[in-house]
Amino acid sequence: MVRAFVNNVDSYTGKTLSKVFNSAASGAGNEPDAPQEPIIPKQQYEVIGTLQSPEGEKPECVSEVIQSASREAHLAAMLTCDVIVYNISDTPETVSEASWAVEALHEQLTNFASLKVFICVSTVLTWAHSKPVDPASNRASWIALFNDPDFLSIC
């Protein structure tokens, strides 16, 4: 079973992501050349996550709630997951929490038993506040970013 960690599973986005993970088959893709056969899910996703508010209720599609106040429990839970999803568009606090999560996971990189996927969900407005790489240029910042050698080396 593939485990997915979703922050704030009691928020609208968290609930929706959890439902999508629960209804998806691991590895199921939409390749246009693939034969049109019914997909038989070989593995399902198990969703765990944190609550946005302490009084929040665990959605039915979430198997376990992690207390976000305990960073040790939080990190231990993320390390057991294959997919980690952070929505940073709900509250400003989640940006620092997501940054901590990336740094903590990076420190544990050599201990990973398998590949982990970190997904950060944000809005267009998040990127609208990005500083231009070259303020004198009329080109959009993201174009310059995609041409940056450091960016290209990590892709």
- Item | Taking every non-hydrogen atom, the tightest pair across Lys58 and Val62 | NZ-O, 2.8 Å
- Heavy-atom pair of closest approach, residues Val9 and Gly49: CG1-CA, 3.9 Å
- Report the distance from atom CG of Leu75 to atom CZ of Phe5, rounding to the nearest 0.5 Å. 10.0 Å
- Smallest heavy-atom separation, Ser18 atom then Cys61 atom, equals CB-SG, 3.5 Å
- Item | CD on Glu46 to CE on Met1, rounded to 0.5 Å | 6.0 Å
- Which heavy atom in Ile88 sits nearest to a heavy atom in Thr94, and how many Å separate them? CA-OG1, 3.3 Å
- Task: Find out whether Phe118 and Leu105 are in side-chain contact, i.e. whether some heavy atom of one side chain is under 4.5 Å from a heavy atom of the other.
- Result: yes
- With rounding to the nearest 0.5 Å, note down the distance linking CD in Glu97 to CD in Glu93. 9.5 Å
- Are Phe112 and His106 an aromatic pair by the rule of ring centers under 6.0 Å? no
- Query: What pair of heavy atoms forms the shortest contact from His74 to Thr50, and how long is it?
  - Reply: CE1-CG2, 3.7 Å
- Verify side chain to side chain contact (heavy atoms under 4.5 Å, CB included) between Ile119 and Val83, making sure each step is shown before the conclusion. CA-CA 8 Å; Ile119 301 169; Val83 179; 4.1 Å; yes
- Query: Step by step, would you call Ile48 with Ser63 a side chain to side chain contact (heavy atoms under 4.5 Å, CB included)?
  - Reply: CA-CA 6 Å; Ile48 66 171; Ser63 62; 3.7 Å; yes
- Query: Quick one: CD on Gln67 to CG on Leu51, what's the gap to the nearest 0.5 Å?
  - Reply: 7.0 Å
- Do Leu17 and Val117 belong together in a cluster built from hydrophobic side chains that touch within less than 4.5 Å? yes
- For the pair Asp10 (side chain) and Gln52 (backbone), establish whether a donor and an acceptor sit closer than 3.5 Å, ignoring hydrogens and angles. yes
- Task: Flag the pair Gln108 / Leu79 as yes when at least one side-chain heavy-atom distance between them is below 4.5 Å, and no otherwise.
- Result: yes
- First locate atom CD1 of Ile84, then atom CE of Met78, and finally report the distance between them rounded to the nearest 0.5 Å. 6.0 Å
- Crowded around Glu64 CD? As in, over 12 foreign heavy atoms under 6.0 Å? yes
- Can you tell me if Ser11 uses its side chain to pair, donor with acceptor, with the backbone of Asn8 under 3.5 Å? yes
- Same apolar cluster: Leu115 and Leu109, side chain cutoff 4.5 Å: no
- Message: Below 30° counts as parallel, above 60° as perpendicular, anything between as tilted: where do the rings of Phe21 and Tyr45 land?
- Response: tilted
- Task: Looking only at non-hydrogen atoms, find the nearest pair between Asn7 and Asn87 and report the distance.
- Result: OD1-N, 2.8 Å
- Donor-acceptor pair, side chain of Lys116 and main chain of Cys81, under 3.5 angstrom: yes
